[in-house]
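In what follows, a single structure is set out as structure tokens and then discussed.
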Amino acid sequence: MPSQLDQLKAYTAVACDTGDFRELAAFAPRDATTNPSLIVRAIDQPAYAPLLAQTVAAHRGQPLDAVVDRVLVRFGCEILGIVPGRVSTEVDARLSFDTAATIARAQRIMALYASEGVASERVLIKVAATWEGIQAAKALEHHGIRCNLTLVFSFCQAVACGEAGVQLVSPFVGRIYDWHKKAAGNAWNEAANAGADDPGVRSVAQIWRYFKKFGIETEVMGASFRNVGQILALAGCDLLTISPELLAALQASDAPVERALDPAQARGCDAKAVSHNEPSFRHALNEDAMASEKLGEGIRAFGADSARLDAMVQAL
């Protein structure tokens, strides 16, 4: 019998969520995603110390943020030597509320990839799905730079991304699950909130069905998984980005995998069309306590790891 991973690939494009590119070949994902936390975790390993040191030495004397971008692109190029598809490289999360600075940083990252001979279609620029980030992505897409809008926790974020014509959105399944489990406390019923009833799974499924019903071309990539059950409950989603640990679990099992998300059913669902301008977006996001909290928390965490990466570069 084929593994669950191979069965999943029949329905969904699989990406690996890692900065440790040495792990990629074993799972043969199509794409790979990175973020500052994953890059820092990889650089903490002795095997990657020479890569960091070489990159910093080659560009010593340049501004700190420029050298950091060189490091991110170096990791991205290594990843693209292994995966056949795309790599997502993240703009510094500390720029999440600055549209112009996000655009400038994204353009520089893409120029660095181009200088390494990487075709633009093989790179997605990751940007936090704030209002400012979404407007930056809209402008970048207009100039041919494809974007992955990350830290998506609410339907309004996804709708705004779709309206902006971004390439891809990454709703965070596990972090949504975490919030609801913590909020419920002792009243949490794991069995009643598993599979298709998992709050994170429900969020991704709602976004995916809405996009399919209204012909929105933005890809949906479920991210931030806590267990295999969440992954299998989204079989059929456009893409799923999965940690090496959960990819290994899928590879080790040959239990049957069935399509959970069906395009024909999505096109027939009763979703109503929604549109957002800046005031309505900000109000809808504010009304969603989970999304507001997790978006802020995610930006702070990625920003802190960006600062850690800065410190690693400065120490060399």
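Atom CD of Glu190 sits in a crowded spot, with more than 12 heavy atoms from other residues, nucleotides or ligands closer than 6.0 Å. Other residues, nucleotides and ligands place more than 12 heavy atoms under 6.0 Å from the NZ atom of Lys213.
Tracing side-chain contacts under 4.5 Å through hydrophobic residues (I, L, V, M, F, W, Y), one never reaches Leu168 starting from Trp208; they form parts of separate clusters. Placement of Leu124 and Val73 in two distinct hydrophobic clusters is found when ILVMFWY residues are connected by side-chain heavy-atom separations under 4.5 Å, directly or transitively. Grouping the Ile, Leu, Val, Met, Phe, Trp and Tyr side chains by contacts below 4.5 angstrom, directly or via other members, places Val91 apart from Leu38. Leu239 and Ile82 sit in two unconnected hydrophobic clusters of ILVMFWY residues. Membership requires side-chain heavy atoms under 4.5 Å apart, directly or through other members. Met221 and Tyr177 are assigned to two separate hydrophobic clusters, defined by single-linkage of ILVMFWY side chains at heavy-atom distances under 4.5 Å.
Side-chain atoms of Gln107 and Met110, non-hydrogen and from C-beta on, never get closer than 4.5 Å to each other. With contacts defined as side-chain heavy-atom distances shorter than 4.5 Å, the pair Thr12/Leu234 does not qualify. A 4.5 Å side-chain heavy-atom check between Lys138 and Glu141 finds every atom pair outside the cut-off. Two residues are said to be in side-chain contact when any heavy atoms from C-beta on lie closer than 4.5 Å; Leu8 and Leu240 meet this criterion. A 4.5 Å side-chain heavy-atom check between Ser306 and Asp92 finds at least one atom pair inside the cut-off. At a threshold of 4.5 Å between non-hydrogen side-chain atoms, the residues Val87 and Val118 do not count as touching. The side-chain heavy atoms of Ile134 and Glu163, taken from C-beta on, include no pair separated by under 4.5 Å. You'll find the side chain of Leu250 stays beyond 4.5 Å of the side chain of Val257, heavy atoms only.
Test Arg60, Arg74, Arg70 against Thr55 for side chain to side chain donor-acceptor pair (under 3.5 Å) and you get one pass: Arg74.
Distance check: Gln45 CD to Asp20 CG gives 4.5 Å after rounding to the nearest 0.5 Å. Atom CG of residue Leu246 and atom CD1 of residue Ile231 lie 4.5 Å apart, to the nearest 0.5 angstrom. Atoms CD1 and CZ, from Ile125 and Arg146 in turn, are 12.5 Å apart once rounded to the nearest 0.5 Å. Atom CE of Met290 and atom CH2 of Trp179 lie 7.0 Å apart (nearest 0.5 Å). Within the model, atoms CZ of Arg122 and OH of Tyr113 stand 10.0 Å from one another, a figure rounded to the nearest 0.5 Å. To the nearest 0.5 angstrom, Phe155 atom CZ is 5.0 Å from Tyr210 atom OH.
Under a 3.5 Å cut-off, the side chain of Arg30 and the backbone N or O of Val14 do not form any donor-acceptor pair. Of the possible polar contacts, one joining the His143 side chain to the Ala139 backbone as a donor-acceptor pair under 3.5 Å is found. Panel note: side chain Thr34, backbone Gly19; no donor-acceptor pair is recorded below 3.5 Å. Side-chain atoms of Thr150 do not come within 3.5 Å of backbone N or O of Ser170 as any donor-acceptor pair. Arg22 contributes a side-chain N or O that, together with a main-chain N or O of Ala47, makes up a donor-acceptor pair within less than 3.5 Å. Between the side chain of Ser292 and the backbone N or O of Leu285 there is at least one donor-acceptor pair closer than 3.5 Å. Using a distance-only test at 3.5 Å, with no hydrogens or angles considered, a donor-acceptor pair links the side chain of Gln251 to the main chain of Ala26. At distances below 3.5 Å, at least one donor-acceptor pair connects side-chain atoms of Asp238 with backbone N or O atoms of Val220. Counting only distance, with no hydrogens or angles, the side chain of Thr218 and the backbone of Gly165 share no donor-acceptor pair below 3.5 Å. Distance alone, capped at 3.5 Å, places no donor-acceptor pair between the Glu90 side chain and the Ala128 backbone.
Asp305 has a carboxylate O that lies under 4.0 Å from a charged side-chain N of Arg308, or vice versa, which qualifies the two as a salt bridge. By the 4.0 Å N-to-carboxylate-O rule, Glu219 lies close enough to Arg86 to be salt-bridged with it. Ion pair Arg94/Asp65 not flagged as a salt bridge, since none of the NZ, NE, NH1 or NH2 atoms sits closer than 4.0 Å to an Asp/Glu carboxylate oxygen. Ion pairing between a basic and an acidic side chain is recognised when a charged N comes within 4.0 Å of a carboxylate O; Glu132 and Arg282 show such pairing. Under 4.0 Å is where a charged nitrogen must lie from a carboxylate oxygen, and between Glu297 and Lys294 at least one such pair does.
Summarising the geometry of Val201 relative to Ala233, their closest heavy-atom pair is CG1-CB, 3.8 Å, with the distance given to 0.1 Å. Across all non-hydrogen atoms, the minimal contact from Asn189 to Asn193 is O-ND2, 2.8 Å. Ser88 approaches Asn148 most closely through the heavy-atom pair OG-ND2, 3.1 Å. Here the closest heavy-atom approach between residue Leu261 and residue Ala205 is recorded as CD2-CB, 4.0 Å. Taking each heavy atom of Pro256 and Gln4 in turn, the nearest pair found is O-NE2, 4.2 Å. Shortest non-hydrogen contact noted between Cys16 and Leu247 is SG-CD1, 3.6 Å.
Between Ser243 and Asp17, the side chains place no donor N or O within less than 3.5 Å of an acceptor N or O (distance only, hydrogens not considered). Using modelled atom types, one finds no donor on one side chain facing an acceptor on the other under 3.5 Å when comparing Ser154 with Asp288. One side chain, Thr18 or Glu23, offers a donor N or O that lies under 3.5 Å from an acceptor on the other.
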For this session: Mind running side chain to side chain contact (heavy atoms under 4.5 Å, CB included) on Phe75 and Leu51 for me, showing each step along the way?
Result: CA-CA 9 Å; Phe75 269 83; Leu51 184 150; 3.4 Å; yes
For this session: Go through the steps to decide whether Leu295 and Gln157 satisfy the test side chain to side chain contact (heavy atoms under 4.5 Å, CB included), and finish with yes or no.
Result: CA-CA 10 Å; Leu295 175 60; Gln157 287 175 289; 3.9 Å; yes
For this session: Using the side chain to side chain contact (heavy atoms under 4.5 Å, CB included) rule, take Arg202 and Ile176 through it: C-alpha gap first, then chi angles, then the decisive distance, then the call.
Result: CA-CA 10 Å; Arg202 288 201 309 268; Ile176 295 172; over 6 Å; no
For this session: Assess whether side chain to side chain contact (heavy atoms under 4.5 Å, CB included) is satisfied between Val152 and Ile207, documenting all intermediate values.
Result: CA-CA 10 Å; Val152 173; Ile207 294 165; 4.3 Å; yes
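In this pair, Phe281 and His276 present their aromatic rings perpendicular. The plane angle is above 60°, beyond the 30 to 60° band.
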